[in-house]
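The structure under discussion appears below in the form of structure tokens.
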Amino acid sequence: MKTHILGFPRIGVNRELKRALESYWKGNISKEDLQSRSQQLRNQHWTIQKEAGLTYVSSADFSLYDQMLDTSAMLGAVPLRFGTQWDHVDLDLYFKMARGDAAANLPAMEMTKWFDTNYHYIVPEISHSFAAKFASRKVIEETHEALAAGFKPKPVLIGPISYLSLAKGMHGFNPWHKFEQIIQVYTDVIAELSSLCDWIQMDEPVLCSDMSDDARKYFLPAYQILNQAASQSKLMLTTYFDAIDEHLDLALGSGCAGLHLDLVRGKRQIENVLHQLPDSMLISAGIVDGRNVWKTDFQQTIPILNIMKEMLGSERLMIGSSCSLLHSPMDLEQEKILDNEIKNWMSFAVQKCAEVNILAEVLEGGNNSDAIEANIAAIKSRSISRRVHNEDVRARCAEIVPEMLQRQSEYANRKMAQSWLALPLFPTTTIGSFPQTAEIRIQRNRFRKGEITTSQYESFIRDEIRHVVKQQEQIGLDVLVHGEAERNDMVEYFGQQLDGFCFTENGWVQSYGSRCVKPPIIFGDVERQSAMTVDYLTLAQSLTEKPMKGMLTGPVTILCWSFVRDDLARSAVCQQIALAIRDEVSDLEAAGIRIIQIDEPAFREGLPIKNKNRQDYLTWAVQAFRLATTGVEDATQIHTHMCYSEFNQIIEVIADMDADVISIESSRSKMELLDAFQIFEYPNEIGPGVYDIHSPRIPSVEEMVVLIEKALERIPAERLWVNPDCGLKTRGWPEATQALINMVNAAKDLRKKYPK
Ligand code: GLN
Ligand code: ZN
């Protein structure tokens, strides 16, 4: 039985790729150096796959930035602003597309989330003038490279239908008008690959999403042509992140020799697919979860695979990972301090390759009793562990009643009850964090290494808080914050204080380009043992007469930015986190913090890929937020914050969260957000961000006045707040201070124009 994975993480176990890329961008290493380090990584990753016993290794899954950008390079889809005087996309041009060209003042291509993962891809820009040509030979070269090194490669391509579905047409141009040209390049690529390999993997995750009419229309014609081009090799049509559902006709009619199914997220489709599968088609069973950190439960998966084998025969069944392992950390063996009991429940990319191989061997009747027994023992230990199951938490969740999801009064009454805050019109505030200076990072590292004591570190943080409060007073802000100096990361900081979470040393996952995140892992029931933020926040409040806004991270964001246990519904995990945050909110209120912000920047990220599943998510996500936030007096003001734009479609849901005030990203899109208000009037208070904190540029007073006045067309003055788009932690003090002074002056100018 043949085996493969859909792709391997490329960043390297010690983030070698990150280091190499960043050194290259700084000019510290040469192009050749970058290339040879990349080649080394590819070789290591192929070796891991081969040594695990997989039939094929994935080639061209490696990328110096992003696989969608690689596809744009392959197709010569270079945005016009980067010039037309090139005949192939070399490294410099490639990185300009990814990161912009500062010297020439050219912006980078846009980046957005890859389906519902936390990986970000570079959005293709297709304009009227685009002429497709085979402009990067990377996929061919890397496949040759694997062959030359003695591996059996299965090259990976993003399929044309997913590529075009995710592309952005420029100035109203419909990217599908370039379909024929693009297919011509794919044809050339596939024809050339066909003499090098058995299989070519065509990633078409779009089949598991709501496809556009164009995508559906072009699908079969595309694959008819591509299958012809493939002559000596076979196309594996790979689908992942969900079941195919209503687009199964396309997948089955594609004429491809293989179809890969995500049997983790799309388990429900097995029966249906098997019954309709044409005889000519093989199934690749994506049974090892590529998106999580848990061991595969062999006792559960082997019977499923056996049924498939019985129906299809060994020749027509291949075993693999559900999706690319890009989304899981690389090697569990590198974790030296992770608790052994918990570690034994996990499997990272290296271990997942081995799991795929063991499953295939077992199915072929091999004697793997040791591996199976170990697996059964691990799964059992997890299912009965006291560290996973907490009766108190379960009991509290069972006792949640609808009243716990409601504020005492509706917004209009709360607004009156909150008048004691005596805020001016257009109150000014920030989103929470102030610059995380080098000094803060140095002290945090010294603390982590044990070079300074807890009390030394805490006193350093208290000094930072004093400094931040003083600065804000001088700037003249109305609602102050403590600055979040003690937080390395807005999720990790809370996870570290909650039961049910654990952390890795090296569990890095690529987020975009050279950037990685190290998500916390939620392995068990979540419980708060003691207050997490009250000390620093009460200190901060004691330093000023102005209201101090307490900062917490919301339950949905904590969930979305963690690896989540797979033995409990996400909604239930979210509810447990919400209870912990609810307790923290109460403690803050009791300690005299009467404005509390619960950040939910990831709220939109959790949206399922398919429309039909969205309502369910939105319902429980809103409930979790309300559970976390509604246990307070009317006179206490609840804020929330969201960023990463595109909230227009869900603005009514956001209103349903019923925060008294929301601050929301908006300046980059020039207040496009407000378009949504044409059809729906946001009922509570809102601070659409008036400047982009992602750029060091200092916006002028006038600029911000213009944006606020634009907002005033849709939001009445008494419900409008003035704040930046997001937290200031990535900025330096001089620019942050000046930008905030200008922002405060913009609010003051407007107060003169619109007296209360
Ligand atoms: N309060 C957080 C901060 O200011 C919010 C961060 C975010 O929205 N991503 O940093
Ligand atoms: Zn933000």
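Atom set for the values below is all heavy atoms of this structure, side chains included, hydrogens, waters and symmetry mates excluded. The residues of the chain are indexed from 1 along the displayed sequence. Remember, it's 1-based here, ligands and their atoms both numbered in the order they're listed.
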Are F241 and H327 close enough that their ring centres sit under 6.0 Å apart? yes
If we ignore angles and hydrogens, is there a donor and acceptor under 3.5 Å between the side chains of S663 and N723? no
Quick one about E600 and T557 (side-chain donor to acceptor, distance below 3.5 Å, no hydrogens or angles considered), yes or no? yes
Carboxylate-amine/guanidinium proximity below 4.0 Å for E22 and R515: no
In a check of side-chain contact (heavy atoms from CB on, under 4.5 Å) between T553 and each of I577, I581, V491, which one passes? V491
Classify the side-chain pair W561/E605 by whether it contains a donor and acceptor separated by less than 3.5 Å. yes
Quick one: are the ring centres of F95 and W25 less than 6.0 Å apart? yes
So with a 6.0 Å cut-off around CG of N105, is the heavy-atom count from everything else above 12? no
N/O to N/O under 3.5 Å, ligand 1 against protein:
| residue | atom | partner | partner atom | Å |
| --- | --- | --- | --- | --- |
| ligand 1 | 1 (N) | I431 | O | 3.1 |
| ligand 1 | 1 (N) | E484 | OE2 | 2.9 |
| ligand 1 | 1 (N) | D599 | OD2 | 2.6 |
| ligand 1 | 4 (O) | I431 | O | 3.4 |
| ligand 1 | 4 (O) | S433 | N | 2.9 |
| ligand 1 | 4 (O) | S433 | OG | 3.1 |
| ligand 1 | 8 (O) | H641 | NE2 | 3.0 |
| ligand 1 | 10 (O) | S433 | OG | 2.7 |

What protein N/O/S atoms are there under 2.8 Å from the Zn ion (ligand 2), waters excluded? H641 NE2, C643 SG, C726 SG
Is there a donor-acceptor pair closer than 3.5 Å between any side-chain N or O of Q541 and the backbone N or O of M548? yes
